[in-house]
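Encoded as structure tokens, the structure appears first; notes follow it.
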Amino acid sequence: MKGHESKMARMEDILNLPVQDPPCAEFSAAHITWVKVEGGRQGGDDIALIPFSRVDDFVKGESSNAECPASFRIESRRKRSEGSISKPRVDGYLEYTLYWCSYGPEDYRDCESGLGDGSNFKPTTGKGSRPGRRHMMRGCLCHFTVKRLYTRPLLALIIYNQRKHVDKTGSPCHGILDQDAVGTRAMYAPRISEELRQKVMSMLYVGISLDNIIQHHMEVVQGHGGPHNRDDFLTRNDVRNIERVIRNTSHELHIDDACSVKIWVQRHQKHVFYFQDASASEPFILGIQTDWQLQQMLRHGQNGSVASHSTFGSKKLKYPLSTLLVFDSSRNAIPVAWVITSSLTGQDIHKWVGSLAERLRTKDSRWRLNAFLVDDPSFGFSAIRDAFQCRVLLCVWHVRRAWIKSLLKTCSNIDVQREMFKHLGWILYSSRSVSNAMDAVQEFMEVFVDQSAFIDYFKSQWSPYIESWVSCIRSLPVAGPEPHAAIESYHRRLKYKLFNDQYANFWPRIDWLIHTLTTEFHSLYWLDQYTVETGYFSNLRDESFSTNAWYQALHIPDIDVILDEQNLQVAKVISQTDRNLAYTIWNLGSEFSLCDCHWSNLGNLCKHVIKVAMMCKNRQVARPLLAAQIYRQTLLSLLHNPPDDPVVLDHAILCTTRLQQDIKGWEDLSNSGLLQQLPPELNSQMADNTLLFARSH
């Protein structure tokens with residue numbers, strides 16, 4: 001199908017052209033309405049405007065032409081800096097890129113067949129020569145230019161100089177329309193696709209041998225009925241070439257770390273959604289998201305949730321690392337974006353979160369997020385809401401893990417550990433009858449004064465931040481314990497990969513962190529998803545992916561949980577491997593539950609705790625979250641003490657109406673395992689209070 005064409009337009013009128021943004025993930029010239037240019041250097045060429053962020057999608061779409069599969073290479077590129085031109089032309093550019101079909105423009109068909117006079121030959125060295133590519137040069141003249149407009153940097157002007165894949169005689173020179181190409185590789189694209197290259201690269205990074213890669217590829221090709229495109233002709237040389245690239249790649253692109261990072265950013269612009277170099281007034285910020293991560297975020301984040309894993313490695317790495325995670329069908333946390341910043345992540349989230357959201361909506365305008373889980377009170381909640389138009393939940397996995405790890409290290413008495421852990425939960429939720437959080441902290445220190453090691457740790461590491469945590473919990477709904485296990489699993493895997501002592505000399509370098517994340521660590525998650533989707537390489541899958549406590553809890557039968565609703569002090573869960581063994585859980589239905597199994601005794605959130613929490617939620621026998629209690633108290637306070645100012649009163653009524661809508665939204669989140677359900681009597685009472693308050697005023 002050919003693209004639509006419209007009447008002639010003058011180049012000075014290009015900004016009046018409509019900006020075309022086809023809804024498909026990748027699109028080609030056939031999806032665009034083209035306009036021919038009248039006069040000027042581009043006279044007679046086809047032009048169109050598209051968002052600059054979608055240029056790569058257009059190039060990929062054009063490369064997938066069914067009649068003439070191709071691979072467009074960058075023939076030339078020029079850039080200008082903003083402010084370099086005082087009076088820019090209407091088609092003036094910030095970036096100029098010329099894309100040319102890889103089957104041209106040189107023509108070596110006569111040379112290879114031993115015919116011709118050599119008039120088409122190019123020198124083997126110097127400008128225009130392409131050593132090692134002569135076998136694929138067939139004189140194709142198909143090429144187009146992309147200009148990132150100087151006056152409209154968010155737009156790209158595509159100038160299609162020659163849309164047909166023909167040689168200088170006007171005849172098809174490759175693809176199925178070229179009779180001479182039938183039965184040869186010229187029927188297909190000249191190179192393997194970027195997707196296959198990344199797939200092979202990931203296999204090599206996780207240790208799959210060349211022979212196994214080729215054998216696996218042959219099985220896949222046979223499975224879909226034989227070769228259909230260039231990717232199906234993957235050869236050993238293709239794999240060796242990729243292997244050579246990996247072997248010769250180093251994280252250190254420059255002896256100076258800052259320069260090395262800048263070089264990496266320049267080379268991987270499509271994987272960078274935000275970059276701000278450090279200066280006297282601004283912090284360093286780098287946001288990374290590969291194409292595969294973008295696909296995973298679109299897939300698993302749609303009507304789902306994204307969780308933050310923030311400030312990792314603040315004591316060892318030069319700058320701490322933050323990760324955005326989504327949850328797959330097996331309840332594993334998949335990293336879909338990394339942010340490295342020299343400041344606290346929460347303070348500068350407003351700078352990069354909008355760019356990430358726009359990147360997602362550019363790919364799919366219908367993409368919507370249900371909830372964003374934050375693990376740091378300093379996060380800019382309003383910036384997240386504005387960017388994603390979703391609910392924000394607080395996730396206390398980091399607090400829980402830090403406290404239980406320290407308790408296990410400093411206190412050897414198991415009974416005292418349980419009591420201290422339960423009291424720590426009371427501090428965080430302020431669920432006891434105390435006027436403020438610091439009163440609860442003081443009471444805790446008086447009760448457990450003999451546990452000096454933990455008290456000293458708590459004073460130095462947590463006392464300064466308790467009030468901010470409690471304040472955050474009072475203003476945000478709190479995520480249930482289920483996602484904690486998935487986030488903890490990611491945390492352990494990241495720590496194991498990065499903090500191996502053999503890499504200690506590299507920890508101060510940002511370029512090493514970037515390289516490790518985007519190669520070896522990225523490949524681990526790619527392999528896991530590929531194994532789940534295809535069943536291949538299951539023997540190489542990291543076992544920790546299949547031992548996620550959240551996922552395992554879903555497979556414990558309800559009948560194996562012994563829960564006395566009249567006595568919620570303890571519960572029992574029968575072992576799934578030894579039916580004669582039962583594990584005991586204390587402080588039921590809370591993030592601060594403890595179990596006596598081995599995994600829990602190591603400071604981890606175990607499947608037994610999560611299963612009991614699910615049972616408590618489903619049977620509605622656990623106490624409601626403090627956030628729900630605070631909202632209820634606020635409503636009752638408004639009901640009994642209405643404000644005198646009519647403007648404030650109208651605002652209060654609006655807020656209570658929105659609150660009623662939020663409660664319904666929380667129920668949806670609860671059904672997905674992210675939020676504990678509100679007891680029906682609490683939900684009903686809050687709704688009744690809202691209605692009564694609105695009617696009485």
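This one's a predicted model, so the numbers in the text were calculated from it and none came from an experiment.
Residue Q389 qualifies as enclosed at atom CD: its count of foreign heavy atoms under 6.0 Å is above 12.
If you take CD on E358 and CG on L154, they are separated by 8.5 Å, rounding to the nearest 0.5 Å. Between E243 atom CD and S209 atom OG the span is 9.5 Å, to the nearest 0.5 Å. In this structure, NE2 on H300 lies 9.5 Å from CG on N332, to the nearest 0.5 angstrom. With values rounded to the nearest 0.5 angstrom, H522 atom NE2 is found 11.5 Å from M201 atom CE.
Checked by atom type, the side-chain pair N370/S305 shows no donor-acceptor distance below 3.5 Å. Of the N and O atoms on the side chains of R78 and Y93, at least one donor lies less than 3.5 Å from an acceptor on the other residue. Defined by atom type and a distance below 3.5 Å, a donor-acceptor pair is missing between the side-chain atoms of Y96 and K79. For the residue pair D232 and H224, a side-chain donor N or O sits within less than 3.5 Å of a side-chain acceptor on the partner.
Here the two rings, on H143 and Y160, have centers that are 6.0 Å apart or farther. A distance of 6.0 Å or more separates the ring centres of H515 and F506. Checked against the 6.0 Å centroid threshold, H165 and Y103 do not count as a close aromatic pair. Close placement of the Y490 and H309 rings is indicated, their centers lying within 6.0 Å of each other.
W34 places a side-chain N or O within donor-acceptor distance of the main-chain N or O of A29, the cut-off being under 3.5 Å.
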Would you check, one step at a time, whether the test side chain to side chain contact (heavy atoms under 4.5 Å, CB included) holds for Y99 with E62?
-> CA-CA 11 Å; Y99 291 89; E62 278 296 275; over 6 Å; no
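Salt bridge annotation for D107-K168: absent, with no cationic side-chain nitrogen under 4.0 angstrom from a carboxylate oxygen.
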